[in-house]
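Lettering of chains follows the sequences in order, A, B, ..., and the numbering in each one begins at 1.
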2 protein chains.
Amino acid sequence: MSFVYEYPRPAVTVDAVVYGYQAEELRVLLIERGGPPFRGAWALPGGFLGENEDLPDAVRRELLEETGVAPLHLEQLGSWGTPGRDPRGHTITVAYTALVRLSGHTAKADTDAADARWFPVDGLPDLAFDHGEILDAARERLIESVRTRPVGFDLLPDLFSLTELQTLVETVMGEPLDKRNFRKKLQSLDMLIPTGEYESGVPRRAAQLYRFDRAMYDKLSAEGFQFRL
Amino acid sequence: MSFVYEYPRPAVTVDAVVYGYQAEELRVLLIERGGPPFRGAWALPGGFLGENEDLPDAVRRELLEETGVAPLHLEQLGSWGTPGRDPRGHTITVAYTALVRLSGHTAKADTDAADARWFPVDGLPDLAFDHGEILDAARERLIESVRTRPVGFDLLPDLFSLTELQTLVETVMGEPLDKRNFRKKLQSLDMLIPTGEYESGVPRRAAQLYRFDRAMYDKLSAEGFQFRL
DNA sequence: ACCCCTTAGTGTACCGGCTACACTATCACT
DNA sequence: AGTGATAGTGTAGCCGGTACACTAAGGGGT
């Protein structure tokens, strides 16, 4: 079967930068390419957009096919289309970012991908296409997001300690924060629910576990409140 | 001539949201469509991406062809690709925004466009395709930009008074600012050069004219300084 | 049982930037 | 000379951000 058009058409692909957080490290989901071009190289999960397929649907489909991961929220990052970025011919890619809770999201390779793995952001291999550039943009966006929106909660388990949250934010921003000020700030935001539960089995004083009050955040947001760490 | 592909390919277009500022009003450049679909309706300038053409090049080309406008800087806004947004078939558009100084940029209709005009943002007609949605996104982006980057200077003439600048910022943000605080803030930023020249021919005390010190801004930016109004 | 190690959890004082606010100076025009 | 309109200027209070150090609690080892 073939498709005929009056004018030449560039191809359209989607790619996903999926972040996870584990063992105090920020990680990115990559696949090892199972076919040409760049066979054997690591790349962002992604693939060709289907006919009459919506962009976010295509991202979810490719992610599921290639890695088994199904993120809740997608955010569009941008589009890349410089001629030459894909040796197969002129290709425009629309990139998305997502955050997932790593517990329960063990990546497994599937169709089209020889392997899928979570790489620490500080130890990334060279990437196929211009995916390195896309990752740089995603990293910048993530840093901006972590200070202006409560994104940490999408990366952490449902229940978490304040120290875990602070360590995550520090990891993403790349700079240390003052413990008391961080806690004071979060308490003043009124978006964390203390559960009365505590860590267990830790060789030290156990930390109380909190839950993110998304309803409260949505309410405050609607009233014009601007989150900022 | 025709082009054959093994798989179906959505079409790719580019669109531009170009802002100008005149007579204390923020304006957007629109074209009247000269052909189907939506013939006679107003739309964002834009068109199909050429083979092996880079995205920004395509935007500039279409802008020039349709309106005669040639902006200095383009910023990518995002991509829209929901099936059904274009009655001709599945089409992905990559939208860009730009700011121009309106003095000397009289829009004139050209190829493909029956007419091209600057519309005040508060009196926009209904737009073709999903261009209304794209404009909403552009407006949000502009508001964010005006407080975090010195964008006002791209919309104003080379020489401007502090009152002109303040009025522009107020217009974009949609809220009034305190005169003394605004001036104090800008002076502390150290990015405005007083020229010693003054308005002429105004029926009131003449205001001093300033010039934006882009070199200083670039220098401060590089040192990690964050502009904020 | 006691000690030790590790991390949880807590308050205050200073500083700087943001806000609110009103009057005099200057110019064109009549 | 008078009028109308806008340029241009300083200060005091408030709030939020920052810097900073000790006690509390629990597990593990001796």
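- Atom CZ in Phe182(A) sits roughly 13 Å away from atom P in dG9(C) (whole-Å rounding).
- Ion pairing between a basic and an acidic side chain is recognised when a charged N comes within 4.0 Å of a carboxylate O; Glu75(B) and Arg141(B) show such pairing.
- Annotation: of the two residues near DNA chain C, Arg180(B) and Gln187(A), the 5′-most nearest-nucleotide partner is Gln187(A).
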Distances for protein N or O near nucleotides 12-18 of chain D N or O, under 3.5 Å:
from, atom 1, to, atom 2, distance (Å)
dT18(D), O4, Lys184(A), NZ, 3.0

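- Protein atom CG of Asp178(A) is 15 Å distant from nucleotide atom P of dG11(C), rounded to whole Å.
- One atom, CG of Leu186(B), and another, P of dG8(D), lie 13 Å apart when rounded to the nearest Å.
- Atom CG of Leu165(B) is separated from atom P of dA7(D) by 13 Å (rounded to the nearest Å).
- Residue Leu44(B) forms a side chain to side chain contact (heavy atoms under 4.5 Å, CB included) with just one option from Val18(B), Leu29(B), Val17(B), and that option is Val17(B).
- A donor-acceptor contact shorter than 3.5 Å is absent between the side chain of Glu32(A) and the backbone of Trp42(A).
- Side chains of Phe227(A) and Met191(A) form a contact here, defined as non-hydrogen atoms less than 4.5 Å apart.
- Taking atom CG of residue Leu177(A) and atom P of nucleotide dG9(C), one finds them 17 Å apart after rounding to whole Å.
- Considering only heavy atoms from C-beta on, Val69(A) comes within 4.5 Å of Trp118(A) through its side chain.
- Without hydrogens or angle criteria, Thr93(A) side chain to Thr13(A) main chain gives a donor-acceptor distance under 3.5 Å.
- For dG8(D), one of the phosphate oxygens OP1 or OP2 lies less than 4.0 angstrom from a side-chain nitrogen or oxygen of Arg183(B).
- Between the side chain of Arg149(A) and the backbone N or O of Glu144(A), no donor-acceptor pair lies under 3.5 Å.
- Of all the residues in residues 194-212 of chain A, Val202(A), Pro203(A), Arg204(A), Arg205(A) reach under 4.0 Å from DNA chain D with at least one non-hydrogen atom.
- For Asp54(A) and Arg60(A), the salt-bridge test fails: no basic side-chain N is under 4.0 Å from an acidic carboxylate O.
- Using modelled atom types, no side-chain atom of Arg85(A) and backbone atom of His131(A) make a donor-acceptor pair closer than 3.5 Å.
- For Leu229(B) and dT19(C), the CG to C1' distance is 15 Å, given to the nearest whole Å.
- Counting any heavy atom pair closer than 4.0 Å across all strands shown, Thr163(A) reaches sugar-phosphate atoms only and no base atom.
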